[in-house]
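I have placed the structure first, in the form of structure tokens, so that the comments after it can refer back to it.
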Amino acid sequence: MEIQQKEEPDKLHALPRYAAALWLQLACPITVLMICPKARTAKWASAPIRTSLPGYTLACQVIGPDQIPAVTDPAEAAAHPELAALSVMAHGEHPPVIEAFVAALRHLPDEHAPQYYEYAYRLATKAARYVMERVMETTTWPVYSPFARQHYGKGLEVGRAEGREEGREEGRRRGRAEGEARAVLTVLEARGIAVSDSDRAFISACTDVGLLDEWVRRAATATSAADLFAEES
């Protein structure tokens, strides 16, 4: 199984060799599964890989975002945490997907929940990771792996470590971020684009000024609020 975040032509030469070596070692049929968070990458990975060995063409099985449902029901996410983690990878730019995933972790055994969280975080896009971090900072988090504590305690540690001058700078930064967030919402409203309550809260909570600047630019041409959070292909 390969997690394929982007097109990598060089990998096409290696995969058939890996599959053939595994076939020789195990003496059983081998299937290569490619999990792709982007539809364009999934289409690329679906093409048969021809080799110089006569008669040997590798056709990978591919799972892309079109085959992964957006899991927004916490009960479903708790019943199928593996699917919920994949949903974060493919649809994590939608806050309800993250919220359902985080809520589901509360119902998993303590030794499993951190693993699912960290796995989903590594697979997630930059925008989805930001949503996950915001959820970590604004909820009572029951999972206490070192990785989770890093995100959960980030705001508290910064507040204790920074001095008065840093606090003033932080205040100025947050003020600018709030202004940028209002600008994003204003542009969307002026263009008649509907914004859900969850997306509105997500935009308003963002403190990354660079990301907000990008959202302002995207809002000028977006056809829906989801266009703001989509990663560039």
Exercise for review: Establish whether Ile63 and Ile3 are linked, either directly or via other cluster members, by ILVMFWY side-chain heavy-atom contacts under 4.5 Å.
Suggested key: yes
Review point. Do Leu211 and Val187 sit in the same hydrophobic cluster, where Ile, Leu, Val, Met, Phe, Trp and Tyr count as joined when their side-chain heavy atoms come under 4.5 Å apart?
Key: no
Rounded distance (nearest 0.5 Å) linking atom [atom1] of [X] with atom [atom2] of [Y]:
| X | Y | atom1 | atom2 | value |
| --- | --- | --- | --- | --- |
| Glu214 | Asp208 | CD | CG | 11.0 Å |
| Leu53 | Arg17 | CG | CZ | 10.0 Å |
| Cys206 | Glu178 | SG | CD | 11.5 Å |
| Tyr117 | Leu105 | OH | CG | 9.0 Å |
| Met1 | Cys60 | CE | SG | 13.0 Å |
| Glu7 | Lys38 | CD | NZ | 9.0 Å |

Any side-chain heavy atom of [X] within less than 4.5 Å of one from [Y]?
| X | Y | answer |
| --- | --- | --- |
| Lys6 | Glu8 | yes |
| Met89 | Ile68 | yes |
| Val32 | Leu58 | yes |
| Phe229 | Ile203 | yes |
| Asp227 | Arg218 | no |
| Val71 | Phe101 | no |
| Leu33 | Glu2 | no |
| Leu185 | Val195 | yes |

For the residue pair [X] and [Y], what are the closest heavy atoms and their distance?
| X | Y | result |
| --- | --- | --- |
| Cys28 | Trp23 | O-CD1, 3.2 Å |
| Pro37 | Gln4 | CD-O, 3.2 Å |
| Pro81 | Ala78 | CD-O, 3.5 Å |
| Ala181 | Leu212 | CA-CD2, 4.0 Å |
| Trp44 | Pro9 | CZ2-N, 3.9 Å |
| Ala219 | Leu188 | CB-CD2, 3.9 Å |

Would you check if the side chain of [X] reaches a backbone N or O of [Y] as a donor-acceptor pair within less than 3.5 Å?
| X | Y | value |
| --- | --- | --- |
| His107 | Pro74 | no |
| Trp215 | Leu228 | yes |
| Tyr56 | Pro16 | yes |
| Thr72 | Val97 | no |
| Ser204 | Arg200 | yes |

**Study point:** Test side chain to side chain contact (heavy atoms under 4.5 Å, CB included) applied to Ala45 - qualifying residues, sequence neighbours left out
**Key:**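 For Ala45, the residues satisfying side chain to side chain contact (heavy atoms under 4.5 Å, CB included) (neighbours in sequence not counted) are Met34, Cys36, Val62.
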Review point. Could you walk me through whether Thr57 and Ile49 pass the side chain to side chain contact (heavy atoms under 4.5 Å, CB included) check?
Key: CA-CA 6 Å; Thr57 298; Ile49 305 174; 5.7 Å; no
Check your understanding: Should the heavy atoms of other residues, nucleotides or ligands under 6.0 Å from CD of Gln67 be counted, would the total exceed 12?
Key -> yes
Check your understanding: If you draw a 6.0 Å radius around OH in Tyr18, do more than 12 non-hydrogen atoms from other residues or ligands fall strictly inside?
Key -> no
